[in-house]
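Predicted model only: the values in this text are computed from it and were never measured.
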Amino acid sequence: MTVSVEHAPGPEQHAPGPGQGARRGPGGVAGDAGAIPAAEHGRVPDFFIVGNPKCGTTALYDMLAGHPQIFTPELREPAFFASELPREDHRTALPATLEEYRALFAAARPEQLVGERSAMYLWSAGAARRIAEVQPAARIVAILREPATFLRSLHLQNLQSHYETVTGLGPALALEDARRAGRRIPRRCRRPQTLLYSEYVRYVELLRRYREVFAEEQLLVLIYDDYRAANEATVRRVLRFVGADDRVPIAPTEVNATVRIRSQPLDELVHSVSVGRGPVSRAAKSALKALTPHRLRRPALEAVQRRLVLAPPPPVDERLMLELRRRFAPEVVALSEYLDRDLVALWGYDRLG
């Protein structure tokens, strides 16, 4: 039995929205008969976008959040069910208990579908099981990308987040064994697992964790190429999958574009000035206050970051990409068989030589 996978968009099929015969579950929203009763456990999400990162999950989440029949919390990535992994959010505290987690969705109207997105869920060893325990009726959405280009993008994102300090993807991959043993972890990296790059592309293993606890029809696997080529049509397929009306106008969104950090120390300085930490940053922030009106300070810092800190991504190292594709070819073959789709040809793995 294979997992449901989305191919290139086909003819539109309108799904019933709330009030139009949709399945009902906890809190009066869409769900299957096995859903946990609302009176006992309160509101929990009806659907989860579980990852991968750098595959368009943030943009998909934002487009779904604009749908009137869907409620998403202000906290963009609760990561509650990935409890074995270190979690962090610099803006607000993350939920530590089920009650705190449920409170994120307290403002949802009874007729709305509730969803959340946490990119950590796909590579968390226990997230699938924990989600199933709380919401066995959940709909799960994952997006997968060709391994080599995905890892390149993820590495650049880790550099931007200061989780990574090794500027070359090849050398970073070579450190996986040391990092798995707890060595060579950058000071700023509170989530060392994110540096185990090859773990992200064990796609069949990651998907099987969800198929072990959810029915086939509850798991939708999107391919990044389809999502990029036909963005709106793919989003409408997701709307139908979660049980929302897919005829609502959709505004295409793109966020988290891949960039390169010119200088991590300079980026740290810009960040520290923005939050005013340390004597040097406080002095710089005082100078900025004296020279710049309040309404212009944040745009000024963002302009500095764009011009001096961020840069377009470096040229693709085609030799390294070929090495990575040869290394991960067995995983692509296995994924093709698992999803019953020829990803070997789609991703050019039949032309590696």
Side-chain angles (χ1 to χ4, degrees), residues 51-59 85-86 88 119-120 122-124 142-206 223-225 227-228 254-268 305 308-335 343-344 346-349 351-353:
N52 256 332
K54 305 308 296 180
C55 292
T57 55
T58 301
L85 302 175
E88 63 176 346
M120 296 169 65
L122 189 58
W123 51 279
S124 163
I143 307 179
L144 304 182
R145 185 175 180 180
E146 188 276 311
T149 54
F150 164 64
L151 292 181
R152 176 176 180 267
S153 184
L154 179 63
H155 174 254
L156 289 170
Q157 178 64 48
N158 281 343
L159 286 169
Q160 184 180 354
S161 302
H162 297 226
Y163 290 165
E164 179 64 272
T165 55
V166 178
T167 56
L169 174 57
L173 285 165
L175 287 175
E176 283 193 343
D177 286 343
R179 287 168 163 176
R180 196 172 282 108
R183 304 190 305 273
R184 303 293 298 274
I185 306 297
R187 174 180 55 85
R188 285 277 299 273
C189 185
R190 299 180 180 88
R191 200 180 289 164
Q193 290 88 347
T194 194
L195 303 178
L196 304 180
Y197 296 96
S198 61
E199 301 293 329
Y200 282 87
V201 294
R202 301 185 190 279
Y203 291 146
V204 173
E205 177 183 333
L206 301 183
I223 301 303
Y224 181 74
D225 307 63
Y227 180 65
R228 293 290 295 179
E254 182 170 353
V255 296
N256 292 343
T258 298
V259 295
R260 173 172 62 90
I261 291 288
R262 298 180 192 269
S263 166
Q264 285 192 338
L266 182 56
D267 188 42
E268 286 193 359
Q305 186 180 50
L308 301 180
V309 177
L310 303 181
V316 176
D317 184 342
E318 296 294 351
R319 188 173 185 175
L320 176 61
M321 292 294 102
L322 179 59
E323 291 176 4
L324 292 178
R325 289 182 177 114
R326 286 172 174 164
R327 173 180 173 182
F328 294 115
E331 181 61 47
V332 174
V333 171
L335 182 64
L343 298 173
V344 172
L346 177 67
W347 289 340
Y349 279 64
R351 303 186 297 274
L352 296 181

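Counting only heavy atoms from C-beta outward, the side chains of Arg179 and Cys189 never approach each other to under 4.5 Å. A heavy-atom distance below 4.5 Å is not found between the side chains of Glu205 and Trp123. Counting heavy atoms from C-beta outward, Thr167 and Pro314 have side chains that stay 4.5 Å or more apart. With a 4.5 Å cut-off on side-chain heavy atoms, Leu169 and Leu320 count as touching. With a 4.5 Å cut-off on side-chain heavy atoms, Leu144 and Leu343 do not count as touching.
Arg145 forms a cation-pi arrangement with Tyr224, by the criterion of a distance under 6.0 Å to the ring centre and an angle within 45° of the ring axis.
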Mind running side chain to side chain contact (heavy atoms under 4.5 Å, CB included) on Leu151 and Phe328 for me, showing each step along the way? CA-CA 11 Å; Leu151 292 181; Phe328 294 115; 3.6 Å; yes

Do Leu195 and Ile185 pass the side chain to side chain contact (heavy atoms under 4.5 Å, CB included) test, and can you show the C-alpha distance, the side-chain angles, and the key distance before you say yes or no? CA-CA 8 Å; Leu195 303 178; Ile185 306 297; 4.3 Å; yes

Tell me, with the steps shown, if Val166 and Leu175 meet side chain to side chain contact (heavy atoms under 4.5 Å, CB included). CA-CA 9 Å; Val166 178; Leu175 287 175; 3.6 Å; yes

Stepwise, does the side chain to side chain contact (heavy atoms under 4.5 Å, CB included) test hold for His155 with Tyr163? CA-CA 9 Å; His155 174 254; Tyr163 290 165; over 6 Å; no

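A donor-acceptor contact closer than 3.5 angstrom is absent between the side chains of Ser153 and Gln157. Side-chain polar atoms of Glu146 and Tyr349 form a donor-acceptor pair below 3.5 angstrom. Judged purely by distance below 3.5 Å, without hydrogens or angles, the side chains of Gln193 and Tyr200 never pair a donor atom with an acceptor atom.
Heavy atoms only, all atoms of each residue included: Arg188 and Ser161 are closest at NH2-O, 4.3 Å. Taking each heavy atom of Ile143 and Cys55 in turn, the nearest pair found is CG2-O, 3.3 Å. Summarising the geometry of Ala119 relative to Asn52, their closest heavy-atom pair is CB-C, 4.5 Å, with the distance given to 0.1 Å. Across Pro171 and Gly168, no two heavy atoms sit closer than the pair CD-O, 3.3 Å. Smallest separation of non-hydrogen atoms from Met120 and Leu85: CE-CB, 3.5 Å. Ile223 and Trp347 get closest at one heavy-atom pair: CG2-CZ2, 4.1 Å.
Side chain of Glu331 to backbone of Tyr203: a donor-acceptor contact under 3.5 angstrom is found.
We find the CD-CZ distance between Glu323 and Arg325 to be 11.5 Å, quoted to the nearest 0.5 Å. For the atom pair OG (Ser198) and CZ (Arg327), the distance works out to 5.0 Å, reported to the nearest 0.5 Å.
One finds no salt bridge joining Glu176 and Arg184 here, because no Lys/Arg side-chain nitrogen approaches an Asp/Glu carboxylate oxygen to under 4.0 Å.
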